[in-house]
Amino acid sequence: MVVAQALSSQVDIHALFGGVVPELAARKHLEALYPLTLKVLEEGETSLGDLDCIGVTVKPGLVPSLLVGLSFAKAVAFGKGLPLVGVDHLEAHVFSIFLKEEVAFPFVGLVVSGGHTSLFFVEGYGDMALVGQTRDDAAGEAFDKVAKLLGLGYPGGPVIDRMARKGDPEAVEFPRPMLGKGWDFSFSGLKTAVVQYVREHGEDLKDSRHLAHVVASFQQAVVDVLVDKTVDAARCLEVPRIVVAGGVAANSALRRTMEERAKGEGMEVFFPPLSLCMDNAAMVAFVASYRFARGESHSLDLDVSSRVSYPRIEP
Ligand code: KG4
Ligand code: ZN
């Protein structure tokens with residue numbers, strides 16, 4: 001149960017630079033953490049002394065930001081004598097759905113965000129094997145880069161999602177990278193194809209209808225690849241359930257297409273509510289709570305990591 005939740009968004013600052021600047025992000029974390037903690041405790045009508053443990057993201061991600069969060073969590077844990085539980089950010093995304101409803105195991109989990117595109121076979125709480133991941137750009141990163149290229153602002157996903165509703169997704173034939181070739185993803189070639197298209201048709205893009213067609217076609221290419229590989233993995237692994245999480249899970253075309261395709265295959269699809277798709281602390285607390293309940297906690301020499309490795313299942 002979520003007692004209280006608070007979020008400090010850095011979107012306005014990152015929008016000035018068209019993307020996340022690691023140094024700036026870490027500084028903003030430092031400024032935000034203390035007042036945000038006070039706010040959430042007040043909203044939850046609770047105090048640090050009432051807590052069972054402190055959950056904190058330690059991997060994977062931008063090290064400067066992770067370090068700020070972990071240092072703050074360590075200080076609170078030490079000061080209040082509370083256990084510290086380090087959490088994997090991707091595991092938190094996969095299990096964010098559980099804050100809304102429980103999903104039966106096993107399921108296939110697709111995490112699509114600005115930093116990650118990873119496909120998991122999930123057999124239990126925290127029990128995840130990697131079945132596919134991006135070899136270059138993440139899906140959200142592709143949305144952000146294409147939006148920047150077209151001068152649509154940051155973050156690109158929501159703008160493209162909205163604009164694509166007015167366009168024809170079949171107007172421009174963009175490539176579907178690595179389709180039919182296993183469960184790994186690649187989005188940099190698709191981004192390059194959009195760059196190429198813009199070079200050749202720059203003038204046409206001044207017409208907002210044409211721009212909408214390009215945006216819708218790009219979005220459909222991303223969605224087709226994500227849906228095809230996820231459904232294929234679920235079919236091959238004989239798992240009739242799919243969970244989609246992360247910022248890009250907010251995408252309306254992805255939701256619609258995944259639901260249609262899965263229904264045709266007799267599979268169920270679960271999407272967290274929009275507020276839980278984006279990065280949030282509730283999903284991190286949820287993972288910390290089940291890990292703590294089964295006796296896990298970490299010492300104060302816990303460190304962060306930009307990467308994380310999982311057991312791997314090949315197609
Ligand atoms: O999970 P998240 O909040 O942060 C990361 O861990 O990266 O995901 C942010 C990403 C951004 O790249 C943003 O453009 C994308 O999610 N995003 C979307 C939509 N809303 C957010 N992408 C496509 N369609 C959307 N509606
Ligand atoms: Zn995330």
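Each ligand, and each atom within it, is numbered from 1 in the order the structure gives.
Interatomic distance, CG of D184 versus CG of L130, reported as 7.5 Å (0.5 Å rounding). To the nearest 0.5 Å, the span separating CG on L38 from OG on S47 amounts to 11.5 Å.
Here the heavy atom of the protein found nearest to atom 4 (O) of ligand 1 is D279 OD2, 3.1 Å. Nearest to atom 7 (O) of ligand 1 among the protein's heavy atoms is G114 N, 2.8 Å. The closest protein non-hydrogen atom to atom 12 (O) of ligand 1 is D144 OD2, 2.7 Å. Ranking the protein heavy atoms by distance from atom 24 (N) of ligand 1 puts N251 ND2, 3.0 Å first. Counting protein heavy atoms only, atom 22 (N) of ligand 1 is closest to G157 CA, 3.2 Å. Nearest protein heavy-atom neighbour of atom 26 (N) of ligand 1: D161 OD2, 2.9 Å. With respect to atom 17 (N) of ligand 1, the closest heavy atom belonging to the protein is G247 O, 3.5 Å.
Remark: distances from the non-hydrogen atoms of H116 to ligand 1 are all 4.0 Å or more. Residue contacts with ligand 1 include H93, since one of its heavy atoms falls under 4.0 Å from the ligand.
Using a cut-off of 4.0 Å between Lys/Arg side-chain N and Asp/Glu carboxylate O, R255 and E260 are scored as not salt-bridged. A salt bridge links R261 with D228: the distance from a Lys NZ or Arg NE/NH1/NH2 to an Asp or Glu carboxylate oxygen falls below 4.0 Å. Between R312 and E314 a salt bridge is recorded (basic side-chain N to carboxylate O distance below 4.0 Å). Look at K59 and D88 and you find no salt bridge, because none of the NZ, NE, NH1 or NH2 atoms lies under 4.0 Å from a carboxylate O. Contact check on E31 versus R27 returns no salt bridge, with no Lys/Arg side-chain nitrogen under 4.0 Å from an Asp/Glu carboxylate oxygen.
Atoms of ligand 1 lying under 4.0 Å from at least one heavy atom of H89, given by number and element, are 6 (O). Those atoms of ligand 1 that come under 4.0 Å of a heavy atom in G140, given as number and element, are 12 (O). Close approach of ligand 1 to G115 is summarised as follows: ligand atoms under 4.0 Å from at least one heavy atom of the residue are 7 (O).
For K28, the NZ atom counts as loosely surrounded, since its 6.0 Å shell holds 12 or fewer non-hydrogen atoms of other residues, nucleotides or ligands. Residue E200 qualifies as enclosed at atom CD: its count of foreign heavy atoms under 6.0 Å is above 12. Counting non-hydrogen atoms of neighbouring residues, nucleotides and ligands closer than 6.0 angstrom, the CZ atom of R209 reaches no more than 12 such neighbours.
Applying the ring pair (Phe, Tyr, Trp, His ring centres under 6.0 Å) test between F218 and each of F143, F174, Y197 identifies F143 as the sole match.
Annotation: protein N, O or S atoms under 2.8 Å of the Zn ion (ligand 2) (waters excluded) comprise H89 NE2, H93 NE2, D279 OD1.
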Inset, instruction - Show the numbers, then the answer: is there a salt bridge (Lys or Arg N to Asp or Glu O under 4.0 Å) between D232 and R235? - result: CA-CA 5 Å; D232 187 61; R235 199 192 305 120; 3.0 Å; yes
